[in-house]
Q: 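What follows is a single structure, and I will ask about it in a moment.
Each chain gets a letter, A, B and so on, in the order the sequences are listed, and its residues count up from 1. Keep in mind it's a predicted model, so treat the numbers as computed, not measured.
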Amino acid sequence: MACPEGVGNRVTGLRDLTPPQKEAVTHVDGPLLVLAGPGSGKTRVITRRIAHLVQHGVNPWEVLAITFTNKAANEMAERVQELLPGMRVWVSTFHRFCARVLRQHASALGLQPNYTIFDMSDQRQLLRAVMSDLDISTTHFPPHKVGARISRLKNDLVLPEEYLQRHEEMVGNHYDAIVARVYPAYQQALLRANAVDFDDLLLHVVRLFDECPEIREQLDRRFRYVLVDEYQDTNLVQYMIVRGLCCNEQNLCVTGDPDQSIYGWRGARIKNILQFEEDFADTRLIRLEHNFRSTKEILKAADSLIQHNVKRLHKELFTENEEGAPVELLWFDDERTEADGIAQMMKQAVDSGDRTWSDFAICYRTNALSRAMERALARYSIPYQVASGVAFYDRAEIKDVLSYLRLLHNPNDVAAFQRVINNPLRGIGKTSQNRLIAAAREDNVNLLEICLRAKEIPRMAKRGVGAARKFASILLNLQDKFDGSIENLLQDLLGQTGYLDQWKYSDLEEDHERLANVEELLTAAAQFDRAYEEELEDNGEALDDAGPIQRFLESTSLASEVDSLESASGQVSLMTLHSAKGLEFPVVFVLGVEQNLLPHERALESGELKELEEERRLLFVGMTRAQKMLYLTRTSQREFRGRPLSTITSVFLNEMDLTITRENESTQSPAPDLEWKQLLEKTRKRRDDNDDESFPQPFKQFGLPKMMTGADLLNGTAGGKELPVGFAVGSRVRHPRMGTGTVLKVDGFGARRTVTVEFEDEDATEETFILSKCPLQPIG
DNA sequence: CAGGCCGTGCTTTTT
DNA sequence: GCACGGCCTG
């Protein structure tokens with residue numbers, strides 16, 4: 001029975017694993033931290049470990065594997081299914097897991113089990129309403145920005161009351177004051193709508209754990225083995241969920257790579273993984289350092305780059321793959337030559353039969369960089385796909401249909417109500433809608449009920465009364481007739497509301513597309529019906545106590561795009577560095593390795609070391625996607641927001657040994673930073689300092705404080721009548737993007753005062769600025 | 001009440 | 001350079 005490796009059978013023999021991989025797979029009890037370098041077979045280790053647990057007596061339902069994305073969850077579930085046919089192991093995203101927990105314990109949090117999950121547009125709509133209630137200008141404070149702030153607070157586990165309190169102690173920041181008012185009101189509005197936003201799904205579970213210790217313990221005991229992938233990307237809320245599930249049963253296995261943490265900006269705390277050993281006593285630490293993906297040259301370059309990060313756990317990456325070609329820096333004149341050059345290289349490789357189109361990936365820091373590249377690919381007739389998230393479920397027609405379903409399922413869903421009450425047009429305008437919503441709130445009844453009683457509402461438009469009653473009775477009737485099939489329900493719904501009539505007789509291509517999309521939704525519903533039925537048969541009772549409508553809506557709100565990138569589809573892939581994570585390609589181009597682009601301007605402006613390091617990790621992630629060939633590119637001149645700008649050498653380029661290929665001899669870019677080595681030493685010495693460390697000054701593009709811009713100086717003077725010091729003709733000024741220059745001319749007065757500046761780039765560009773609106777700074 | 005025009009303001013993205 | 005939002009007009 002026992003084979004040389006110890007236990008094992010045909011399915012999970014361990015011979016194909018490296019020693020550290022094997023160690024991770026066979027570890028059973030107690031906390032386990034797997035630091036997995038890029039291309040080190042991490043997913044394989046997780047799935048094999050799950051199989052190993054189950055084959056050694058752990059019940060499949062005692063295992064919980066958590067990922068971030070649906071894609072990762074599906075892949076993992078598939079591979080577990082191959083190893084353990086017919087067994088149900090819970091592999092889920094954080095959000096899906098929480099949605100389910102919440103459903104079962106909704107009442108403990110003041111929700112009903114048929115709660116709705118609000119997506120970003122619902123959130124924005126609700127915020128808009130809440131803000132106008134509070135008389136807050138949505139022009140000055142755009143709801144999506146306020147929403148982003150609230151989201152960030154939720155990710156950081158800050159509750160409305162706490163924020164209000166914390167804010168009262170602070171003085172000054174206007175934006176915070178607004179958010180402090182909006183946040184509690186927004187939460188109240190969500191509760192009234194029996195709805196949660198994405199962040200609430202997680203936050204409510206933490207609250208549940210906090211307020212109902214017995215529920216926490218019950219879940220903790222039930223999921224004896226918990227696995228969390230990409231642990232370096234967890235934020236504070238996710239961290240608390242994981243901890244909550246692992247107090248009593250500390251069989252927690254986390255995998256991740258601090259060097260690939262690139263989501264700090266949305267609240268991910270790299271600390272979570274760095275401090276894992278402190279959080280859990282007797283942690284077994286395993287490093288997966290053997291890279292199976294890249295050539296030695298690629299790995300060497302990537303490793304030399306990441307070595308410059310100070311805050312990291314050391315890893316010694318190595319590979320047994322071939323030496324490979326050196327990593328090259330391609331230096332072009334401008335973005336057009338860059339794009340053409342890359343297109344030509346790819347075409348040549350494909351024409352000669354060495355490569356196929358799908359071997360290539362082109363990565364960039366910001367989406368804007370894809371434009372020039374796309375044009376070139378079109379010129380060369382190269383097939384390509386861009387990974388960008390125009391999600392199926394975000395399309396207006398899909399959202400409309402789903403909103404009907406949402407409203408009949410949760411008649412308090414105000415966002416859904418507003419979306420469909422006058423669509424198709426029923427003569428219930430904004431005013432009538434607001435009257436209905438206000439009346440529902442006052443009478444404490446749901447939105448469908450208030451529609452039936454619209455007649456009783458004072459000053460309600462007559463036309464709207466009948467329409468509202470008809471609208472509500474259609475939905476209530478559908479609710480009664482529901483026979484368990486979502487597809488039938490949607491069909492009836494479309495028939496009775498006449499929603500599709502607006503496009504049915506149109507010749508427009510886009511209207512055809514809309515109809516086709518709705519058709520696709522019906523197919524998805526039919527598929528769901530079948531799967532739901534199967535699950536019922538499989539389990540006797542449903543695995544889950546929620547009805548099909550709740551489950552269907554949940555799956556649509558938590559599903560993102562229909563797998564936007566198709567592998568092996570004979571096309572070149574274009575994507576941001578962020579979306580490249582987790583993928584691999586034989587040949588990778590990383591575009592625009594230039595100061596202010598990579599590292600990004602915003603990271604430099606912040607002056608924070610941790611932001612600079614995240615940019616470095618971003619490049620590291622990009623580089624380690626490459627299997628055979630890796631090219632970094634830069635230009636001398638690049639169009640930025642419509643203006644051509646001279647570029648600056650990225651600090652990252654100085655951190656690696658690269659072969660530099662100049663496509664064209666052209667203008668010399670500013671010399672590499674001579675003080676670099678010294679700076680690095682200084683930075684290293686500071687490594688033990690706290691988090692908010694800033695990097696040494698010369699990194700900052702603009703050494704002068706913001707208060708010194710012409711705009712600020714002008715606004716600071718009485719009425720702005722005088723010319724601010726430092727802007728006389730002939731004085732030297734600096735512009736954050738254009739660089740330094742000399743004032744040629746001054747015109748106008750007060751807010752209309754303009755200055756014309758000749759910059760010191762090679763064409764001596766002349767630019768005229770409105771002094772009160774530009775970031776020009778005087779020098780000296 | 002919808003459509004067009006003007007001004008503004010700009011990373012990265014999942015759920 | 002472009003996209004989105006707000007405001008104004010037909």
Q: Is any side-chain nitrogen or oxygen of K145(A) closer than 4.0 Å to OP1 or OP2 of dC10(B)?
A: yes
Q: Between atom CZ in R641(A) and atom P in dG1(C), what is the gap in whole Å?
A: 13 Å
Q: Counting only side-chain heavy atoms from C-beta out, which of dG6(C), dT13(B), dG1(C) sits nearest to T138(A)?
A: dG6(C)
Q: Taking only side-chain nitrogens and oxygens of N367(A), does any of them come within less than 4.0 Å of OP1 or OP2 of dT13(B)?
A: yes
Q: In whole angstrom, give me the gap between the C1' atoms of dT14(B) and dA3(C).
A: 22 Å
Q: Between dT12(B) and dG5(C), how many Å separate the two P atoms, rounded to a whole number?
A: 16 Å
Q: Report the distance from atom CE of M120(A) to atom P of dT13(B), rounded to the nearest whole Å.
A: 11 Å
Q: Using a heavy-atom cut-off of under 4.0 Å over every strand shown, decide if Q123(A) touches base, sugar-phosphate, or nothing.
A: nothing
Q: From the set dT15(B), dT12(B), dC10(B), return the single nucleotide nearest to any side-chain atom of H95(A).
A: dT15(B)
Q: If you check every side-chain atom of T576(A), which of dT15(B), dA2(B), dT13(B) has the closest atom?
A: dT13(B)
Q: Just N and O in the side chain of R128(A): are any of them under 4.0 Å from OP1 or OP2 of dG6(C)?
A: yes
Q: According to the interplanar angle, ranging from 0 to 90°, do the rings of F417(A) and F471(A) count as parallel (below 30°), tilted (30 to 60°) or perpendicular (above 60°)?
A: perpendicular
Q: Check every atom of dT13(B), dT15(B), dC10(B) against the side chain of R266(A) and return the nucleotide holding the closest atom.
A: dT13(B)
Q: Ignoring backbone atoms, test whether N70(A) places a side-chain nitrogen or oxygen under 4.0 Å from the OP1 or OP2 oxygen of dT14(B).
A: no
Q: Quick one: which of dA2(B), dT12(B), dT13(B) gets closest to the side chain of R365(A)?
A: dT12(B)
Q: Side chain of T139(A): nearest nucleotide among dT11(B), dG6(C), dT15(B)?
A: dG6(C)
Q: Stacking check: are the rings of H600(A) and dT12(B) less than 5.5 Å apart at their centres and under 30 degrees in tilt?
A: no
Q: Is the shortest distance from a Lys or Arg side-chain nitrogen in K42(A) or E230(A) to a carboxylate oxygen in the other one below 4.0 Å?
A: yes
Q: Mind listing the side-chain donor-acceptor pairs of residues 137-147 of chain A below 3.5 Å, one per line with the distance, residues two or more places apart or on another chain?
A:
from: S137(A); atom 1: OG; to: T139(A); atom 2: N; distance (Å): 3.1
from: S137(A); atom 1: OG; to: H140(A); atom 2: N; distance (Å): 2.8

Q: With sugar-phosphate meaning primed atoms plus P, OP1 and OP2, does R375(A) contact a base, only sugar-phosphate, or nothing at under 4.0 Å between heavy atoms?
A: sugar-phosphate
Q: Output yes when D122(A) and R419(A) qualify as a salt bridge under the 4.0 Å nitrogen-oxygen rule, no when they do not.
A: no
Q: Pick the nucleotide of DNA chain B nearest each of L425(A) and E615(A); which residue has the one closer to the 5' end?
A: L425(A)
Q: Taking the P atom of each, how far is dT13(B) from dC4(C), in whole Å?
A: 15 Å
Q: Measuring to OP1 and OP2 of dT12(B), would you say a side-chain N or O of S579(A) lies under 4.0 angstrom away?
A: no
Q: Is E613(A) salt-bridged to K311(A), going by a charged N under 4.0 Å from an acidic O?
A: no
